[in-house]
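Reading through the structure tokens given below for one structure.
In what follows, chains carry the letters A, B, and so on, assigned in the order in which the sequence lines appear, proteins first and then strands, with residues in each chain numbered from 1.
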Amino acid sequence: MLHPGYEPSRRGVARRAAPRAPHGTRCASRAASRRIVVVPPSPALVRERVGAWFARAARDLPWRAPDRTPWGVLVSEVMLQQTPVVRVEPVWREWMARWPGPADLAAAPTADVLRAWGRLGYPRRALRLQDCAHAITERHDGQVPDGLDELLALPGVGAYTAGAVTAFAFGRRAVVLDTNVRRVLARALDGVALPHPHQTVAEVRRAEALVPQDDAEAAEWAAASMELGALVCTARSPRCGECPVADLCAWRLAGFPADEHAARRRTQAWAGTDRQCRGRVMAALRAADGPVPRAGIDWPDPAQLDRALAGLVEDHLAEQTPDGYVLPR
DNA sequence: GACTCGTGGTC
DNA sequence: TGACCAAGAGT
């Protein structure tokens with residue numbers, strides 16, 4: 001049990017004195033008068049601890065169920081891009097019941113697909129997922145490919161998603177470096193509050209070196225390290241008291257130093273942005289049975305509305321008809 | 001590399 | 001209250 005003083009404050013940065021280092025590790029506070037040296041923990045020990053924690057703490061998510069399919073895993077990964085699990089789960093369930101396989105989604109009207117996507121956000125992902133379904137039915141005989149290069153060639157599948165599908169759908173070794181894992185590694189190994197704003201090559205290389213050689217162990221490490229970041233080593237207020245590697249964590253041993261890159265993390269603008277305007281248009285098109293006239297969209301800036309409509313048509317998220325705008329068929 | 005792309009919950 | 005952030009990808 002950790003002393004309460006070891007917990008970061010609710011704002012994620014310690015405001016009290018640096019914690020004492022546990023027995024057997026280099027003491028940061030004592031070393032402060034010379035240099036702070038943190039000995040990186042052994043990867044094998046970290047994996048063992050995180051794996052044991054995962055075995056009892058893992059969430060029961062439908063795309064992890066024994067009857068999951070590679071397609072279901074792929075759908076979940078695309079939906080989860082920049083989107084919290086709690087919002088994805090109900091949409092995923094309805095989606096998979098309606099379109100169980102790639103061929104089913106490929107055959108669906110795009111308007112139905114966009115409506116089913118609902119308010120998950122970034123509706124271009126829905127388009128890419130359907131493009132993905134087309135590619136899989138045409139190029140891969142309806143089966144999600146199990147090769148990294150083939151996965152990467154699919155629309156909407158980047159390095160993260162290709163690795164995640166490789167590990168979670170096929171149980172094979174892959175580097176799975178998402179925002180959760182990046183944060184866990186930055187804290188536990190580098191002793192910093194948050195990773196660099198942008199993923200670096202060195203970071204990927206380090207993550208790759210941490211992945212076990214064995215397929216099953218690698219897949220478990222991917223799931224477990226992500227889950228730790230999602231449930232315990234969270235961005236805002238980490239639950240160090242529940243962390244299986246708290247006693248090894250370089251960030252904690254260094255006294256929870258504040259984020260060095262805080263000034264470089266631009267906050268996402270929202271009110272009055274093109275993005276908000278596009279969202280407003282899409283919501284109107286999803287809700288309508290027929291064409292939506294331009295005047296039927298509530299937006300204060302006419303020029304910005306025109307820009308958003310043109311952009312949505314350009315992105316194939318909307319079509320213009322004589323009577324107004326509609327979702328694409 | 002810097003930008004862009006939705007939405008809603010959290011603290 | 002509003003800034004922050006969530007299993008990224010494409011250009």
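In this structure, A/H196 and A/H261 have tilted ring planes: the angle between them lies in the 30° to 60° band.
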**Request:** For A/Q81 and A/Y160, run side chain to side chain donor-acceptor pair (under 3.5 Å): C-alpha distance rounded to whole Å, both residues' side-chain angles, the deciding distance at 0.1 Å, then the answer.
**Result:** CA-CA 9 Å; A/Q81 290 167 6; A/Y160 162 76; over 6 Å; no

**Request:** Please assess A/L194 against A/R187 for the test side-chain contact (heavy atoms from CB on, under 4.5 Å), listing each intermediate value before the final yes or no.
**Result:** CA-CA 7 Å; A/L194 293 171; A/R187 287 177 178 166; 3.9 Å; yes

**Criterion side-chain contact (heavy atoms from CB on, under 4.5 Å) on A/R275 and A/Y122, from CA distance to verdict** = CA-CA 9 Å; A/R275 197 182 300 193; A/Y122 294 142; 3.3 Å; yes

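If you measure from atom NE2 of A/H261 to atom P of B/dA2, you get 13 Å, rounded to the nearest angstrom. Summarising the geometry, the separation between CG on A/L285 and P on B/dG6 is reported as 12 Å, rounded to the nearest angstrom. Separating the CZ atom of A/R275 from the C1' atom of B/dG6 is a distance of 7 Å, rounded to the nearest angstrom. Counting to the nearest Å, the C1' atom of B/dG1 and the NE2 atom of A/H196 are 15 Å from each other. The distance from atom CG of A/L317 to atom C1' of B/dC5 is 10 Å, rounded to the nearest whole Å. Per the geometry, CZ belonging to A/R119 stands 13 Å off C1' belonging to B/dG9, to the nearest Å.
Within the model, atoms NE2 of A/H316 and CG of A/L327 stand 14.0 Å from one another, a figure rounded to the nearest 0.5 Å. For the atom pair CD (A/Q82) and CG (A/L120), the distance works out to 13.0 Å, reported to the nearest 0.5 Å.
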**Request:** Would you give a per-nucleotide map of nucleotides 6-11 of chain C, 5' to 3', where B means the base has a protein non-hydrogen atom under 4.0 Å away, S means only the sugar-phosphate does, and - means neither?
**Result:** BBBSS-

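Across the P atoms, B/dC11 and C/dA7 are found 14 Å apart, a figure rounded to whole Å. Comparing the P positions of B/dG6 and C/dT11 gives a spacing of 14 Å, expressed to the nearest Å.
Residue A/R307 is out of contact with every strand shown, counting any heavy-atom pair closer than 4.0 Å.
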